[in-house]
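Here's the structure, in structure tokens; my notes come after.
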Amino acid sequence: MTEQVILDCDPGRDDAFAIALAIASPDEINLLAITAVVGNVELSKTQRNARMICEICSRSDIPVYGGADKPLKRPPVHAAEHHGVTGLHGMEVFDPAQPLQSQFAVDYMLDTLAAADAGTITIVAIGPLTNLALAMEKDADTFARAKQVVIMGGAGRAGGNITPAAEFNFYADPHAAAKVLACGRPLVMFGLDVTHQVLGGQDEADRLSHGGPAANALSGMVLPINENGTGKTHSPLHDPCTFAWLISPNLFDAKMVNIEVECDSELTMGMSVVDMRGSSGRAPNVLWAHDVDGPAVVDLIIRRIAAI
Ligand code: BDR
Ligand code: CA
């Protein structure tokens, strides 16, 4: 069965690979539209980058909508150290021919969910969850028509990446993450516990550069940005894990658990508290991917993108 997907994202280098993987997988994924949100870089760049990646992948017909330009309550935080000031460090940015849609992303999402049969549209969310939370605030009943929400965000045993406690997408808008985790619809989450096992390095960059024209154009974004002398040789392919799961769920181990987000403490702001042992007594609300066959997922992502 082909999943009907609205992709909410903040491209971002690994977001670009997620878009490309979805486009490279038409048997499993039908990308209805992309909704952009502030995150790795400003909204003006995330929406442009989404349109650029569609054009590079010869899919300028996929409409791109602009959404929230700031988080629900906190000031924006970006991740230029991992993505560059353009958001797509490692490739030339350009002005895409495809225009941005005029409708607000949140309204597009709600209109589309309202028009489709209930339980038929999957939302894949790989940036801060602000657009989704705004949709819930505006019309929770319509949002609840989503089949499921597949999220890249959070961390359990891996600890944080933007702070010691928090993963970037949850830290960037913890109040939105908390709202979405309480939405009552099926939620599937891919946090740092698994994405830190899905690593791209020189071999993957080489495979892409020898692939099709889109793969070649994206190949410069695999390696980490080492300008600060970190000496890292690999970077996690966080966001494509969501689509890898939709394509091959057998490559992941997942368990229904309770996950809550810290929204009060400055020390642990945005921390996802993953109750693997059920010790909180709180009801499970998330199918949490806690383990993965990392090399197999990397191979799936690279093999599919290399073909386009
Ligand atoms: C997440 O943060 C962003 O920088 C990436 O695009 C990914 O969605 C990983 O923590
Ligand atoms: Ca992202």
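Numbering of ligands and ligand atoms starts at 1, following listing order. Any value given below was found using the heavy atoms of this structure, including those in side chains, with hydrogens, waters and symmetry copies removed. Position 1 is the first residue of the sequence; numbering continues from there. Since the structure is predicted, the reported quantities are computational estimates derived from the model, not experimental observations.
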inquiry  = Quick one about Asn216 and Ser209 (side-chain donor to acceptor, distance below 3.5 Å, no hydrogens or angles considered), yes or no?
reply    = no
inquiry  = With heavy-atom distances below 4.0 Å as the criterion, list the atoms of ligand 1 near His238.
reply    = 9 (C)
key: Pi-cation contact, Phe94 with Arg48 (under 6.0 Å, within 45°)   = no
key: Nearest non-hydrogen partners of Ile53 and Leu88, listed with the distance   = CD1-CD1, 4.0 Å
task = In plain terms, say whether Lys45 and Glu42 are close enough for a salt bridge, that is, a side-chain N and a carboxylate O under 4.0 Å apart.
result = yes
ask   = Can you tell me which residue and heavy atom of the protein come closest to atom 6 (O) of ligand 1, and the distance to 0.1 Å?
value = Asp14 OD1, 2.6 Å
request  = Could you establish whether Arg13 and ligand 1 come within less than 4.0 Å of each other, counting only heavy atoms on the residue side?
outcome  = no
query = Any idea which atoms of ligand 1 are less than 4.0 Å away from a heavy-atom of Ile126?
reply = 8 (O)
Proximity of Asn40 to ligand 1 by residue part, where a heavy atom lies under 4.0 Å = side chain
message = Quick one about Thr120 and Gln4 (side-chain donor to acceptor, distance below 3.5 Å, no hydrogens or angles considered), yes or no?
response = no
request  = Could you tell me which residues satisfy side-chain hydrogen bond (donor to acceptor under 3.5 Å, both in side chains) with Glu55, sequence neighbours excluded, listed by chain and number?
outcome  = none
task = Report yes or no: does Asp293 contribute a side-chain atom to a donor-acceptor pair with the main-chain N or O of Ala296 at less than 3.5 Å?
result = yes
inquiry  = Please classify the His82 to ligand 1 contact at 4.0 Å (heavy-atom distances, strictly less than): side chain, backbone, both or neither.
reply    = neither
task = Look at the side chain of Asn40 and the backbone N and O of Asp10, then say whether any donor-acceptor pair between them is shorter than 3.5 Å.
result = yes
query = Ignoring water, what protein N, O or S atoms are under 3.0 Å from the Ca ion (ligand 2)?
reply = Asp10 OD1, Asp15 OD1, Asp15 OD2, Ile126 O, Asp239 OD2
query = Any Lys/Arg nitrogen of Asp15 or Arg13 sitting under 4.0 Å from an Asp/Glu carboxylate oxygen of the other?
reply = no
message = Can you check which of Phe17, Phe170, Tyr171, Phe168 brings a heavy atom nearest to atom 2 (O) of ligand 1?
response = Phe168
ask   = Are Glu266 and Arg74 within salt-bridge range, i.e. N to O under 4.0 Å?
value = yes
ask   = Is there at least one pair of N or O atoms, one from Ala79 and one from ligand 1, spaced under 3.5 Å apart?
value = no
task = Enumerate the atoms of ligand 1 whose separation from the nearest heavy atom of Met152 is less than 4.0 angstrom.
result = 1 (C), 7 (C), 8 (O), 9 (C)
message = Give me the nearest non-hydrogen protein atom to atom 8 (O) of ligand 1 as residue plus atom name, then the distance to 0.1 Å.
response = Asp239 OD1, 2.6 Å
Within reach of ligand 1, part of Thr195 (heavy-atom separation under 4.0 Å) = neither
query = When you measure from atom 9 (C) of ligand 1 to every protein heavy atom, which one gives the shortest distance, and what is it?
reply = Glu167 OE2, 3.2 Å
remark   = Taken to the nearest 0.5 Å, the spacing of Leu21 CG from Arg303 CZ works out to 10.0 Å
request  = Answer side chain, backbone, both or neither: which part of Ile162 comes under 4.0 Å from ligand 1, heavy atoms only.
outcome  = neither
ask   = Taking it one step at a time, do Asp253 and Lys255 satisfy salt bridge (charged side-chain N to carboxylate O under 4.0 Å, His left out)?
value = CA-CA 7 Å; Asp253 287 332; Lys255 176 178 171 171; over 6 Å; no
